[in-house]
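To start, the structure under review is shown below, and the notes come after it.
Quick caveat: nothing in here was measured; it's all calculated off a predicted structure. We name chains A, B, ... by the order of the sequence lines, and we start the count at 1 in each one.
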Amino acid sequence: MLLEIDDITKSYPGPDGPVPVLRGVTLALGLGESLALTGESGSGKSTLLHLVAGLDGADSGRILLDGADVTALDDRGRAALRRTKVGIVFQQFNLIPSLDIAANIAFQARLGGAPDAERTAGLTKALGLEPHLRKYPEQLSGGQQQRVAIARTLAASPRLILADEPTGNLDEKTSDEVMDQFLALVAETGAALLMVTHSPRLAAKLGRHAHLSQGRLA
Amino acid sequence: MTAATLGALASHWMRNRVQFLTLVVGLALATALWSGVQAINAEARASYDAAAAALGEGRLDQLVPANGETMPQERFIALRRAGWLVSPVVEGRLRAGTSTLRLVGIEPLTVPVGAAASAALANTDLAGFLEADTLMAGPEAADVLRGALPNPVIVDASIASGTVIADIGVAQELLDRGGRISRLVVSPVQPLRQRPLAEVAPDVVLQRADGASDVGRLTDSFHLNLTAFGFLSFAVGIFIVHGAIGLAFEQRRGMVRTLRALGIPLDRLIVLMILELVVLALLAGGIGILLGYLVAAVLLPDVAATIRGLYGADVAGTLQIRPVWWLSGLAMAVGGALVAAASALWRLSRMPILASAGGRAWAVASGRGRSIQAAAALFLLAAAGGLAVMGAGLVAGFAILACLFLGGALALPLCLAVILKTGQDRSSGVLPQWFWADSRQQLPGLSLALMALLLAMAANVGVSTMVSSFRLTFTGFLDQRLSAELYVDAAGVDDRAALERFLDTRADEIQPILSVETELAGLPAELYGARIGRTYRENWRFLAAEADVWDRVADGEAVIVNEQLSRRAGLGLGDRLAAAPGLALPIAGIVGDYGNPIGQAIVSETLFRQAYPAVSAARFGLRTDNPEALRRALVDEFGLPSSSIIDQAAIKRFSLSVFERTFSVTEALNVLTLAVAAFSILMSLLTLAAMRLPQLAPVWAMGVTQRRLAGLEVLRTVLLALLTAVLAIPLGLLLAWVLLAVVNVEAFGWRLPMFLFPLEYGRLILLTLAAALLAASWPAWRLSRMAPASLLKVFAHER
């Protein structure tokens, strides 16, 4: 298995003591698999994604990614993991506003030390971004910006792709277009995909489906 | 509705306390430096006025000796008998313990109404004042007198600082000037029939009142310089305020949109925002005035010493709270805040109700205004060039400085953007490329703080270049002028001819110093008679001279003038100058004369004695191989008091100490301005730190550690500070040139050569980098220690 999540718990401090967000979540994901994670607001979907990405630390439990225990890594180790093995697609794109589109797309791959010009060019073409390469993020529409974010993630050839409501900011039509392109490209890479979404329609497009409720897998 | 709206607006400051602090502290610092300088100026001017009023100087005509410093008391009696309503005055320096005070002796029965002395006398028991050798003085001088002299002292707060008033008989005794008076004050009411002055007292000249005290006029330039510095500090502070207000307005766009959507009219909203700003400005202004009072209280003793050293005017060493400066401080605070907010208010007034609430417009607006900014910078820099070529006068000098400052500041972000773009284009690594691009992105947010830094640094470079050039020139000038080994004060010597005969055989060369105060080319000036010997020929350096200048002056065929007289009267080499009645000579040389506010001309001793036979040398410069032996001989054999003999080293020491104190105020203001700029950077970084998270979080999420990001943040600030500092050097040197070649010439009448001091500039750059490092360290440290949850909030906010 590429990803093994074992009995993970996480709580955040609240005014009346710790508020549990994840209460012992266990799941696994293999290369080439895709899993949609759904659940109501506050169910812990994004928190789980953050723990897998090493953006935050768990209270207990274990997360193994490609054999490495993410929960045991220090800050430097988790940063290295994100540079090389994990790609994240955010809801609000989080492009670098000061870089042009070409630089944004190549950014993470270069950061991980594995830039692949041919692959980047292929993704750019596949996502219809070629006319926009010299533009800056603020000059693009929301759909175009999310395509740039997808291209940035896929250009780095991560083994695990984490997507947090990747089309949550887009209208339904654009959302479907972007999602179809995204899933097709992910499938081409053979990477595993863990995607948080509110939409049952989008969740249905993925291979597996898990539902989180009050910090537990239903 | 108003209360609710004000509450909503104020809530922004509650949630953005660093921004609130930036605004209030920025405005308070700006007001502090401005009102501090104004307090010093107000105190000094009040002292001049009080000193001038003591004798009706500036308000009443006076009769002064045509030659020398005093006249016989008989002139007073002769003039009174001839129908002139005049009152005698004797004036001199009175030693009291370790202090020296200005003693003014008056004749209480004839002193004209209108002089401050008459007002002081009105409150005094006249019989007591006349009989008991009583002295009258202000509180400070009275304390000094009580410990040093047995005379009874009456304290009167209306008497100028450092001044003592006494009956003329008492003053003559204390000053050892029996039977001599310094001048006669002319009553404004005179009988219709009077014998002409030339008939009664031909050795006395009438000096017309001109409404202003001489010392006030002389020191105007000094105070103008201080005011300019105060204004510069204020401008630096206003840059901070502008940044804080601009950011606050942009961050409140969402709130403004909501308030308007809820039915608050735009004009009401703008009025309330102005009201909010005025309240904040009054609060910050009040704090600033308190700080300004402290600044002024600390600096005033140095300013008083400077003015005493430069112009011989006394300024009280303690500060009074005068409405003129605290009101001007409050007005500047409110005015400055409104000016700083003007563009933000204007943008707000034009904002459509459904405009984006995003704060992104803050940076974008800067981008939109870039071309306007470039045009304004070019226009101001061109205006500075045009004024330098075509302008004249002190106001033009300060206008050049203002254009250079503003033009340079406006051009800075554009220059930095070009440099950062070049860096981005030339870098190959992904992080370096991001670093350069991100630095460009940060530029709009940091540019106001960097502009403030540029102004502070340029002022520092400019002023330190001027002061150091002045110091170098002044030291060389002292070496030229103070070439005699000993100087003898002959004021107390009755038979000066005997003194000269005594010295003839003992000194290698005697330089009698003969001078009269007169008018040359219609300007107040001094005429000197010089015995041209090897000392003059070997030591004096000319700014411009004909080949045989000393020979021609020695032969009585030419005159030498100082630079001040040459510039003010528009006289050059070969022009004729009427040095004395019936004595017009061509100018053969022009000399630099630093530290002296008025014009001078030098003729040969022979010509001088012919023109002014009554004037004898009050001092002598003596050249000798053995100064100690000559000093002993003068004391032991001639009986001269040792206090009348001053050696060259002592005079140089004194002159240099006056010089150093003169510029200590300027340097203190320099340091304060730089400190304000450093504070501005710190506050900008702290303000930006919160806005930076959405930009840094994705890079962190992609695998760059917080520590590395923090390091890059520090590096960016230091790099921007370094670039700004490097750009400030040429701007500062331009400022130094304007100060030396335009402002000094107009203010003091002399032009100094400009020297460069690379080590000093290097030290300043290092200091700036250290300040930037310090300013960047805290936000960077916070970033490196930030809990991941805070960074994750960036992503959490998306839902």
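Contact record, A:Ala79 with B:Thr705: CB-CG2, 3.6 Å, taken as the closest heavy-atom pair. When all heavy atoms of A:Leu99 and B:Gln433 are compared, the pair lying nearest together is CD2-O, 4.2 Å. The minimum heavy-atom distance linking B:Trp700 with A:Arg82 is given by the pair O-NH2, 2.8 Å. For the residue pair A:Arg83 and B:Met702, the shortest heavy atom distance occurs at CG-O, 3.1 Å.
Heavy-atom neighbours of A:Arg201 CZ from other residues, nucleotides or ligands within 6.0 Å: above the threshold of 12. When the shell of 6.0 Å around CZ of A:Arg119 is examined, it contains more than 12 heavy atoms from other residues, nucleotides or ligands. In A:Gln139, the CD atom is crowded: over 12 heavy atoms of neighbouring residues, nucleotides or ligands sit closer than 6.0 Å.
Here the straight-line distance linking atom CD1 of A:Ile96 with atom CG of B:Leu696 works out to 9.0 Å at 0.5 Å rounding.
Looking at A:Arg152, only its side chain comes within 4.5 Å of chain B, counting heavy atoms on both sides. Looking at B:Trp436, there are no atoms closer than 4.5 Å to chain A (heavy atoms on both sides), in backbone or side chain. Interface residue A:Leu111: backbone and side-chain heavy atoms are both found under 4.5 Å from chain B.
Per-residue counts of heavy-atom pairs under 4.5 Å with chain A were compared for B:Ser439, B:Gly703, B:Ala697; the largest is that of B:Gly703.
The closest side-chain heavy-atom distance from B:Leu791 to A:Leu55 is not below 4.5 Å. Residues A:Asp56 and B:Pro788 form a side-chain contact, since some pair of their non-hydrogen atoms from C-beta on lies under 4.5 Å apart.
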